[in-house]
Amino acid sequence: MNISHIEHIGIAVDNLEDSIKYYEDVLGLKCYAVEKVVDQKVKTAFFLVGTTKIELLESTSPEGAIGKFIAKKGQGIHHIAFAVDDATKALELAETRGVTLIDKVSRKGAEGLSIGFLHPKSTQGVLTELCSKG
Ligand code: CMX
């Protein structure tokens, strides 16, 4: 599916403001964007590390994926996202290779990327996102 790099690592956090402080003041990274993704019920903050981003995710609803994850496991690494040429085609390919899809076709995610998720039960326990530009 032509993965070029790790696009981002998604990290579930209790409080975006507190976490941004840690990444900026302790690790010396710079938060370059904060964005609400309404349909995912999250507020996000982004940091660039080389060509890979760190995406901090604060839940805006206990019913959302991050709200449920934090309630069950607490804050921590939530997903890994790979950059591909075409997220919808990559999803289709993953399905033909036996993977259970969360998203049958790609949809709009943070930063205007086309994104789709593979179910962690069929990806060796790691929630996996495929994303492409446009
Ligand atoms: N990583 C690994 N496993 C996970 C997981 C994660 N992030 N989240 C849930 N699971 C596991 C659970 O532990 C559970 O396993 P067990 O049955 O062994 O207990 C199983 O998956 C089902 O979990 P659940 O809590 O019963 O189901 P949910 O209703 O929480 O759904 C999932 C889980 C992955 C299908 C859902 O979170 C989802 O659709 N995620 C995709 C969308 C998303 O994550 N959006 C937030 C980020 C948005 C963004 O990046 O902008």
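Numbering of ligands and ligand atoms starts at 1, following listing order. When reading the values below, keep in mind they use all heavy atoms of this one structure, side chains included, and skip hydrogens, waters and symmetry mates. Along the sequence shown, residues carry numbers from 1.
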* Backbone or side chain, does any N or O of His8 fall under 3.5 Å from an N or O of ligand 1? -> no

* **Heavy atom of protein closer than 4.0 angstrom to atom 31 (O) of ligand 1** => no

* Asked: Quick check: does His119 get an N/O under 3.5 Å from an N/O on ligand 1?
  -> no

* Asked: Given that the side chain starts at C-beta and the backbone is N, CA, C, O, which of these parts of Pro120 lies under 4.0 Å from ligand 1, counting heavy atoms, or is it both or neither?
  -> side chain

* Asked: Do any non-hydrogen protein atoms sit less than 4.0 Å from atom 9 (C) of ligand 1?
  -> no

* Linked hydrophobic residues, Phe46 as query - side chain contacts closer than 4.5 Å -> Tyr32, Leu48

* **Heavy atom of protein inside 4.0 Å of atom 35 (C) of ligand 1, strictly below** => yes

* Asked: Are Ile11 and Phe47 joined in one hydrophobic group, where the rule is that I, L, V, M, F, W and Y side chains link up if heavy atoms are under 4.5 Å apart?
  -> yes

* Asked: Under 3.5 Å, is there a donor-acceptor pair between the Glu129 and His8 side chains?
  -> yes

* **Backbone or side-chain N or O of Thr44 under 3.5 Å from ligand 1 N or O** => no

* Sub-4.0 Å protein heavy atom next to atom 27 (O) of ligand 1 -> no

* What's the shortest distance from atom 38 (C) of ligand 1 to any protein heavy atom, and which residue and atom give it? -> Ile102 CD1, 3.9 Å

* Is the closest N or O pair between Lys68 and ligand 1 shorter than 3.5 Å? -> yes

* Linked, directly or transitively: Ile54 and Leu27 (ILVMFWY side chains, under 4.5 Å) -> yes

* Same cluster (ILVMFWY, side-chain, under 4.5 Å), Val99 and Val84 -> yes

* Distance in Å, Leu127 CG paired with Ile102 CD1, rounded so as to fall on 0.5 Å steps -> 5.0 Å

* Please write down residue, atom name and distance for the protein heavy atom closest to atom 20 (C) of ligand 1. => Lys121 CE, 3.8 Å

* Asked: Which protein heavy atom lies closest to atom 7 (N) of ligand 1, and at what distance to 0.1 Å?
  -> His78 O, 2.9 Å

* Protein contact of atom 37 (O) of ligand 1 - nearest heavy atom, named by residue and atom, plus distance -> Ala65 CB, 3.4 Å

